[in-house]
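One-based numbering, in listed order, for ligands and for the atoms of each. Counting begins at 1 with the first residue of the sequence.
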Amino acid sequence: MTKPTILVTGGAGFIGSQVCKTLAAAGFLPVAYDNLSNGYAWAVRWGPLERGDLRDGAGLRDVLRRHRPAAVMHFAALIEVGESVRDPARFYDTNVAGSLSLLEAMRAEGVDDLIFSSTAAVYGMPAHTPVVETLPLRPINPYGVTKMVIESMLADYAAAYGLRFGTLRYFNAAGGDPEADIGEAHDPESHLIPLVLDVALGVRPEIAIFGDDYPTPDGTCVRDYIHVCDLARAHLLALRRLLDGGESLTVNLGNGAGHSVREVIETARRVTGHPVPARLAPPRPGDPPVLVADCARAVADLGWRQERAALDVIVADAWRWRQRWRASPPVDAR
Ligand code: UDP
C-alpha cells in the first residue's frame, strides 16, 4: 500500500522539519512546500521538497494535484515579532494572503483537512494564567494579529465550505531533535534558549536579560518552553483525529510549567558546563510577565502528554544540536 501523503508548508523550518520526521516515522510521506526564505533544504530529509511560495496559488494547486495529500499541515509564516511591528505589510501578505491562497488551492483541489500552526501570541497580555483557550484573543503585535485572522478564516471556511481544522497554539517552541538531525537555525536568532547556548559556546559574549523587575519569583519573565518533539507528536495526534473523522479543534500546546529567564540561564550553565555571562538590559516592550499554558484540552481531546517536559532535557537536546550545527553547519543546496 502506498503511504498517505501530507503536504507540509514550511516543512524546511524548525518545527515543520521535526513534524516531517515524526510523520515519516508514523508511516506518512511528508511533502515539504517551502520557499526557503527562512527554512533550509538540508532540513528536508523525510520526503520531497517542493520549492514554492504560499502566495503562488497556481503553484500550490499544481503541487496538490501531483501529490494528492490526505491533509495539509501549515507552518509557513513569518514569525519574528519585532519585524512584524516594523514591516506589517510583509506579515499580512505572507501570513494572511499566503494562508488565503493555500485555503483557496485546497478548496479548488478538494483537500479538506488542515493542521494550523498558531501561537500564544494570539492572547496578547492574558488577564489569567495559566492560559485557557476560551480567553479573549487580543494580540498586541501584527504577528499575533495575522495568526488570529487566519484562525478566523479557518472557522469561516469550516462553516461555509466544510474545511476541517486543527489549530495548535504553541507557547515557546524549544529543544531540538534528540538525534540532532535537525534543529533551530534562525537567522538572525532572537529566541532565548538558542541565544543562551551561543553564549555557552562562546559565539556570543553574553546574554541580555530583558528586565528583572517583573512580578515573578525572581523578577524575570516566565515562559512555557515546549519541546519540539512534544509539539510534533501533538501534530500527529491532531492529524489522526481529523483523518478519523473527528471534529475540528483549537488547543494550546505548552509544558504547563513556567520557567524564568534566570532559570533558563542557570539550566544552560548546568547542562553545558560552560559559563554563561549575563547582563541586565531594559525590559522588551510588550513582554507579558508570565505566559503559561493550560493544556487540559490537548490532553483531553488529543490524548496528548508531554514526554520531554523537563527544562534540562529541552536545553540538553537544543545544546546537542547547536554544538553540531555551529561546528559544521550543513551545506544547503540553495
Ligand atoms: N529574553 C531575554 N533575552 C534575550 C531574548 C529573550 O531576556 O536575549 C526573554 C524575553 O524577554 C522573554 C523570554 O526570554 O521573556 C523568551 O523570549 P523569546 O524571544 O525566546 O520568546 P517569546 O516569549 O518572546 O516568544
Side-chain angles (χ1 to χ4, degrees), residues 13-15 38 75 77-86 91 95 117-126 129-131 138-148 168-176 183-201 203-228 231 252-269 276-293 311 314-315 317-319 321-322:
F14 171 42
I15 304 171
N38 290 308
F75 298 90
L78 297 177
I79 59 160
E80 218 271 292
V81 171
E83 193 192 335
S84 82
V85 175
R86 288 189 298 276
F91 276 64
N95 294 5
S117 171
S118 192
T119 166
V122 296
Y123 297 113
M125 301 278 231
T129 186
V131 177
R138 293 199 192 110
I140 55 166
N141 51 59
Y143 166 65
V145 174
T146 64
K147 291 284 182 172
M148 181 182 72
L168 308 181
R169 294 180 182 153
Y170 320 148
F171 281 62
N172 288 60
E184 214 165 353
H186 297 122
D187 182 23
E189 186 52 74
S190 68
H191 294 108
L192 180 65
I193 292 177
L195 289 177
V196 164
L197 296 179
D198 274 353
V199 177
L201 274 171
V203 174
R204 294 172 200 265
E206 60 187 10
I207 185 74
I209 298 174
F210 296 155
D212 72 348
D213 200 16
Y214 287 97
T216 60
D218 69 15
T220 64
C221 285
V222 169
R223 291 290 178 276
D224 185 333
Y225 297 94
I226 162 97
H227 198 292
V228 67
L231 280 182
N252 288 338
L253 294 176
N255 246 333
H259 295 285
S260 73
V261 173
R262 282 200 198 283
E263 271 183 89
V264 169
I265 296 170
E266 270 313 315
T267 304
R269 288 178 180 140
V276 178
R279 88 178 146 82
L280 186 60
R284 198 169 57 174
D287 254 347
V290 178
L291 206 49
V292 174
L311 189 59
I314 290 173
V315 171
D317 286 348
W319 174 236
W321 160 254
R322 197 120 196 122

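- The Tyr225 neighbourhood of ligand 1 comprises atoms 13 (C), 16 (C), with distances under 4.0 Å to a heavy atom of that residue.
- Remark: ligand 1 atoms within the under-4.0 Å shell around heavy atoms of Cys221 are 15 (O).
- Considering Asp287, Ile79, Asn172, Thr216 only, the shortest heavy-atom separation from atom 11 (O) of ligand 1 involves Asp287.
- Atoms of ligand 1 lying under 4.0 Å from at least one heavy atom of Ile207, given by number and element, are 8 (O).
- In this structure, Trp319 contributes its side chain and Leu197 its backbone to no donor-acceptor pair below 3.5 Å.
- At least one donor-acceptor pair under 3.5 Å links the side chain of Lys147 to the backbone N or O of Ser117.
- In plain terms, the two heavy atoms of Ala318 and Ile193 that are nearest each other are CB-CG2, 4.1 Å.
- When Arg204, Arg223, Glu206, Arg262 are ranked by how near their heavy atoms come to atom 23 (O) of ligand 1, first place goes to Arg223.
- Of the protein's non-hydrogen atoms, Val261 CG2, 3.7 Å is the one closest to atom 9 (C) of ligand 1.
- Ranking the protein heavy atoms by distance from atom 17 (O) of ligand 1 puts Arg284 NH2, 3.6 Å first.
- Taking only nitrogen or oxygen atoms, main chain and side chain alike, His191 does not reach within less than 3.5 Å of ligand 1.
- Here the straight-line distance linking atom CG of Leu231 with atom CD1 of Ile15 works out to 5.5 Å at 0.5 Å rounding.
- At the top of the distance list for atom 20 (O) of ligand 1, counting protein heavy atoms only, stands Leu192 N, 2.8 Å.
- Between Phe91 and Tyr143, the ring-plane angle classifies as perpendicular under the 30° and 60° cut-offs.
- Comment: Glu266 engages Arg269 in a salt bridge, judged by a side-chain N to carboxylate O separation of less than 4.0 angstrom.
- Using a 4.5 Å heavy-atom cutoff, the side chains of Asp287 and Arg223 are in contact.
- Under the 3.5 Å distance criterion, the side-chain polar atoms of Glu206 are left unmatched by any main-chain donor or acceptor of Ala208.
- Distance alone, capped at 3.5 Å, places no donor-acceptor pair between the Asn255 side chain and the Asp224 backbone.
- Short contacts between ligand 1 and Ala208, defined as distances under 4.0 Å to a heavy atom of the residue, involve ligand atoms 2 (C), 3 (N), 4 (C), 7 (O), 8 (O).
- Within ligand 1, counting atoms from 1 as listed, the ones closer than 4.0 Å to a heavy atom of Ile209 are 7 (O).
- Here is the list of ligand 1 atoms found below 4.0 Å of a heavy atom in Leu195: 8 (O).
- Against a heavy-atom cut-off of under 4.0 Å, Ser190 is close to the following atoms of ligand 1: 5 (C), 19 (O).
- Atom 4 (C) of ligand 1 has as its closest protein heavy atom Phe210 CE1, 3.3 Å.
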